[in-house]
Amino acid sequence: MSVEAGPWRPILSGDLADRVNRSIEEIVAAFPAAPPVSPYPGERTGESAGLAGGNAGHALFYTYLAEATGREEYAEVAERHLDEAVEALATEPMGASLFGGFAGVAWVAEHLQGRLYESEEGEDANEEIDTALADLLDHPWTETYDLIGGLVGFGVYALERVHRPTARLCLERTVERFADLAERRENGHVTWFTPPEQLPEHQLETSPNGYYNLGVAHGVPGAIPVLAGAVAAGIESARPLVEGAVDWLLASQLPAGCGSRFGYTVSPGVENTSSSRLAWCYGDLGLAAALLAAARAVGRKDWEEEALSIARDCTGHPDESAGARDAGLCHGGVGIAHLYNRMYQASGDETLRAAAEHWYAKSLELRQPGEGIAGYRSFFGGFKDGPEWLASKGFLEGAAGIGLGLLAGVSSVEPAWDRVLCLTVAPVD
């Protein structure tokens, strides 16, 4: 069944809603005293600005908390976090990326305008950011194209304020750079390659020749809703790119019986039969949510039906195949719950609602009382000395994101913050 999206509705009730609300309260109580520890480069200090692990992400959490509860003191905390993030733009070295750089701080400032604060008439604090990004994009692009650090992230930023001419120019140039990098196949398929020089060592072991990435965070599924948003904004040059990319993606499914419909990557010269986890960053569920966002942006019912079919298949996976060691948004239990919740709210599919409720409950079970922040610790891999458990306050993998995801289950405030995760596309005025 597919229905048009209505007002956001809290899906949790009774004892589970009570437990989720208590957990949110515990996060809020523990948050101020938690040390500013983050695994991201440049984000291990209290002055950190970044969206993924720093003050910009914290401002998102407190703003939505203030809106859901009506408590002014949370808005005041949000303003302090946002002010610190914006001030850091002028005082700290910072790259351009969405999740670790100035584009992410600027996205949050734009997103919270009208929610947290009102700007002076005629004032546009982000115009300089638009100009910087437009200049950066006015050249051949040789870095990653992904959401976390590359072109997809710049597109997300530009879509948030595409009604502004300077931001529209950023979006147009983002589409141009996607067109430059695109691989076009004779069958009309379009995709983007990640060369070996952009891969970490542990991925080179399995993909020595590079790969085509199937994760929302780092691959083609993240590009699809951004390009669909560009089409919705009237940039027609994005249409053949997004249509070809969806065709390529759907043709890249694993053989039947592999455990998931999509793997992590498609690697030249390597047989791809490894199933993927349930998560936002990688796997069928995040991919389905991104495809649904794209479908809604351009009115493609066939894409929508395919996205919901993939999501429904995910509900049959055993919990142990999800790979959820913690509760974070990126690859944890609350992230899974929020993906199901977002797709339920868009479709009215009760199977997805039941899955969301299950994963909210599962996320509470992942707490470790007395550890981390209100019992939530974050699992980080990729370190030379092995994975680490950290008490992270961050949006992407820590307590701020967990709080936002939990809040979306018990509040009637639509979690529009998930546009930064490519789960919805900003409306075009």
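Since this is a predicted model, take the numbers as computed values, not measurements.
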Report task. Check the pair Val242, Trp303 against side-chain contact (heavy atoms from CB on, under 4.5 Å), reporting the backbone distance first and the verdict last. Result -> CA-CA 11 Å; Val242 67; Trp303 296 357; 4.1 Å; yes
Kindly give the heavy-atom pair with the smallest separation between [X] and [Y], and that separation in Å.
X	Y	value
Ala68	Ser411	CB-OG, 3.6 Å
Ser363	Tyr376	O-CE2, 3.9 Å
Gly149	Ser97	CA-CB, 3.6 Å
Leu292	Ala346	CD2-CB, 4.0 Å
Leu278	Ile336	O-CD1, 3.4 Å
His58	Ala400	CD2-CB, 4.2 Å

Query raised in the report: Passes side-chain contact (heavy atoms from CB on, under 4.5 Å), Val220 versus Tyr145? Steps please.
Result: CA-CA 9 Å; Val220 176; Tyr145 71 86; 3.6 Å; yes
Requested in this report: Kindly check if the number of other-residue, nucleotide or ligand heavy atoms within 6.0 Å of CD (Gln368) is above 12?
Outcome: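 Counting neighbours around CD of Gln368, more than 12 heavy atoms of other residues, nucleotides or ligands fall under 6.0 Å, so yes.
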Query raised in the report: Is the count of non-hydrogen atoms from other residues, nucleotides or ligands lying under 6.0 Å from Glu201 atom CD greater than 12?
Result: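 Atom CD in Glu201 is not packed in, count stays at 12 or less.
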Ion pair [X]/[Y], N-O distance below 4.0 Å:
X	Y	value
Arg177	Glu172	no
Arg168	Asp130	no
Arg19	Asp15	yes
Glu357	Arg353	yes
Arg277	Asp284	no
Glu110	Arg115	no

[X] and [Y]: aromatic ring centres closer than 6.0 Å?
X	Y	result
Trp107	Phe154	no
Tyr264	Tyr211	no
Phe178	Trp192	yes
Phe61	His81	no

Requested in this report: Let me see the working for Glu306 and Arg261 under salt bridge (charged side-chain N to carboxylate O under 4.0 Å, His left out), right down to the final yes or no.
Outcome: CA-CA 12 Å; Glu306 189 67 30; Arg261 286 174 63 167; 2.5 Å; yes
Can [X] and [Y] be counted as having a side-chain donor-acceptor contact under 3.5 angstrom?
X	Y	result
Asn21	Glu25	no
Gln113	Ser119	yes
Asp418	Thr424	yes
Ser260	Ser275	no

First locate atom [atom1] of [X], then atom [atom2] of [Y], and finally report the distance between them rounded to the nearest 0.5 Å.
X	Y	atom1	atom2	result
Tyr157	Thr174	OH	OG1	11.0 Å
Ile224	Leu249	CD1	CG	4.5 Å
Asp135	Arg173	CG	CZ	7.0 Å
Leu116	Tyr62	CG	OH	13.0 Å
Asn213	Gln203	CG	CD	7.5 Å
Arg325	Ser378	CZ	OG	13.5 Å

Would you indicate whether the side-chain heavy atoms of [Y] and [X] approach each other to under 4.5 Å?
X	Y	result
Ile148	Leu98	no
Leu308	Arg312	yes
Val28	Leu65	yes
Ile402	Ile24	no
Thr131	Leu169	no
Trp280	Cys330	yes
Val216	Leu423	no
Val108	Asn55	no

Quick one: does any side-chain atom of [X] pair with a main-chain N or O of [Y] as donor and acceptor, under 3.5 Å?
X	Y	answer
Asp326	Phe379	yes
Thr315	Ala311	no
Ser276	Tyr282	no
Lys393	Gly54	no
Ser321	His317	no
Asn126	Ala106	yes
Tyr344	Ile11	no
Trp359	Val334	no
Glu87	Ala49	no

Query raised in the report: Of Thr265, Asp146, Thr194, which meets side chain to side chain donor-acceptor pair (under 3.5 Å) against His218?
Result: Asp146
Query raised in the report: salt bridge (charged side-chain N to carboxylate O under 4.0 Å, His left out) with Glu414: which of Arg419, Arg342, Arg9?
Result: Arg342
Query - Trp417 and Tyr64 aromatic ring geometry - parallel, tilted or perpendicular at 30°/60° bounds - result: perpendicular
Requested in this report: Evaluate the criterion side-chain contact (heavy atoms from CB on, under 4.5 Å) for residue pair Arg161 and Asp124; output intermediate values, then yes/no.
Outcome: CA-CA 11 Å; Arg161 46 186 276 112; Asp124 182 8; 2.8 Å; yes
Query raised in the report: After noting the C-alpha distance and the side-chain angles of Trp141 and Leu181, does the key distance pass the side-chain contact (heavy atoms from CB on, under 4.5 Å) rule?
Result: CA-CA 8 Å; Trp141 190 255; Leu181 295 175; 4.0 Å; yes
Query raised in the report: Within 45° of the axis and under 6.0 Å from the centre of the six-membered ring of Trp389, does NZ or CZ of Arg377 qualify?
Result: yes
